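None of these values were measured; they are calculated from a predicted model. FYI, the numbering just counts along the sequence from 1.
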Amino acid sequence: MPDDTDLTSSALTGLAPVVDARTRILVLGSFPGAASLAAQQYYAHPRNLLWPILSALTGEPLAALPYAERLPRLLAHGFGLWDVLGACEREGSLDSAIRKPAANDFARLRELCPLLETVGFNGQTSGKFAPQFAAEGYRTVVLPSTSPAHASLTLAQKLERWKMLL
């Protein structure tokens, strides 16, 4: 029987969560894009709107800071970052190209983030996990993707919807 696996795709591993005991709002993406994996940084693509949106929500110029300085400032505002998938196979950065997805283990979230109240999902792919988090008692918000591949809304329109996290 022929193997229909795409031999050009390879197993990829996601990034570690950016959370601490102060995290009240967790933003979950689907899986890091190629630029983020290469840089080992969340939302590293220069046209991704996450950092400008989080800058507006926190009132701090996070997008202008070096990545290593962004994370502690983000955590100080009670925000955390992670992805719903911990591993997958994918060529490129599109969610539609994800194969063999493996979800992250969220069992330790209550221990790692005892103050966590709200889970925001960055786009529809991660938003498929919203019912699972709602069943655990978290407030869930499925948000428009900040990816440059989803440009049907302006930054201002996306920001307006992202304000629901607060």
Do Phe121 and Leu94 belong to the same hydrophobic cluster, where Ile, Leu, Val, Met, Phe, Trp and Tyr are linked whenever their side-chain heavy atoms lie under 4.5 Å apart, directly or via other members?
-> no
Under 4.5 Å between any side-chain heavy atoms of Leu26 and Leu109, yes or no?
-> yes
Taking it one step at a time, do Val19 and Leu116 satisfy side-chain contact (heavy atoms from CB on, under 4.5 Å)?
-> CA-CA 10 Å; Val19 296; Leu116 184 61; over 6 Å; no
Spacing of Thr146 atom OG1 and Asn48 atom CG [to the nearest 0.5 Å] = 3.5 Å
For residues Cys88 and Pro101, report the shortest heavy-atom separation together with the two atoms involved.
-> CB-CA, 4.0 Å
Checking Gln157 side chain against Thr154 main chain: does a donor-acceptor pair fall under 3.5 Å?
-> yes
Using the ring of each side chain (for Trp, its six-membered ring), is Phe106 parallel, tilted or perpendicular to Trp82, with breaks at 30° and 60°?
-> perpendicular
Heavy-atom closest pair, residues Ala34 and Ser93 = N-OG, 2.8 Å
Report yes or no: does Ser36 contribute a side-chain atom to a donor-acceptor pair with the main-chain N or O of Gln41 at less than 3.5 Å?
-> yes
Straight-line distance of Glu117 CD to Thr23 OG1, nearest 0.5 Å = 11.5 Å
Phe31 and Leu37, any side-chain heavy atoms less than 4.5 Å apart | yes
Rounded distance (nearest 0.5 Å) linking atom CG of Leu85 with atom OG1 of Thr13 | 11.5 Å
OG/Ser147 to CZ/Arg47 distance, rounded to the nearest 0.5 angstrom?
-> 8.5 Å
With sequence neighbours left out, the residues meeting side-chain contact (heavy atoms from CB on, under 4.5 Å) with Leu165 are Ile25, Val27, Leu57, Phe79, Thr118, Val141, Leu143, Trp162
Within a radius of less than 6.0 Å around CD of Gln124, do more than 12 heavy atoms belonging to other residues, nucleotides or ligands occur?
-> no
Considering all heavy atoms of both residues, which atom of Ser55 and which atom of Pro61 are nearest to each other, and what is their separation?
-> OG-C, 3.8 Å
Nearest heavy-atom pair of Tyr67 and Gln40: which atoms, and what distance?
-> CE2-O, 4.3 Å
Hey, mind stepping through Arg161 and Leu153 against side-chain contact (heavy atoms from CB on, under 4.5 Å) and telling me if it holds?
-> CA-CA 10 Å; Arg161 294 195 188 166; Leu153 298 176; 3.5 Å; yes
Could you please spell out the steps behind the side-chain contact (heavy atoms from CB on, under 4.5 Å) verdict for Leu81 and Tyr43?
-> CA-CA 10 Å; Leu81 295 174; Tyr43 303 95; 4.3 Å; yes
Return the minimal non-hydrogen interatomic distance between Asn122 and Gly29, and the atom names on each side.
-> CB-CA, 4.1 Å
Show your reasoning for whether side-chain contact (heavy atoms from CB on, under 4.5 Å) applies to Thr58 and Arg73.
-> CA-CA 9 Å; Thr58 61; Arg73 299 304 318 139; over 6 Å; no
Might you confirm whether atom CZ of Arg139 has over 12 heavy atoms from other residues, nucleotides or ligands at distances under 6.0 Å?
-> yes
Lys100 side, atom NZ; Arg90 side, atom CZ - distance, nearest 0.5 Å = 15.5 Å
Checking Arg70 side chain against Leu65 main chain: does a donor-acceptor pair fall under 3.5 Å?
-> yes
In short, Asp83 meets Ser30 closest at the heavy-atom pair CB-O, 3.4 Å
Would you check if the side chain of Tyr42 reaches a backbone N or O of Leu15 as a donor-acceptor pair within less than 3.5 Å?
-> yes
Approximate separation, where rounding is to 0.5 Å, of Asp20 CG and Leu115 CG | 9.0 Å
Would you say the side-chain atoms of Ser126 pair up with the backbone N or O of Leu28, donor to acceptor, closer than 3.5 Å?
-> yes
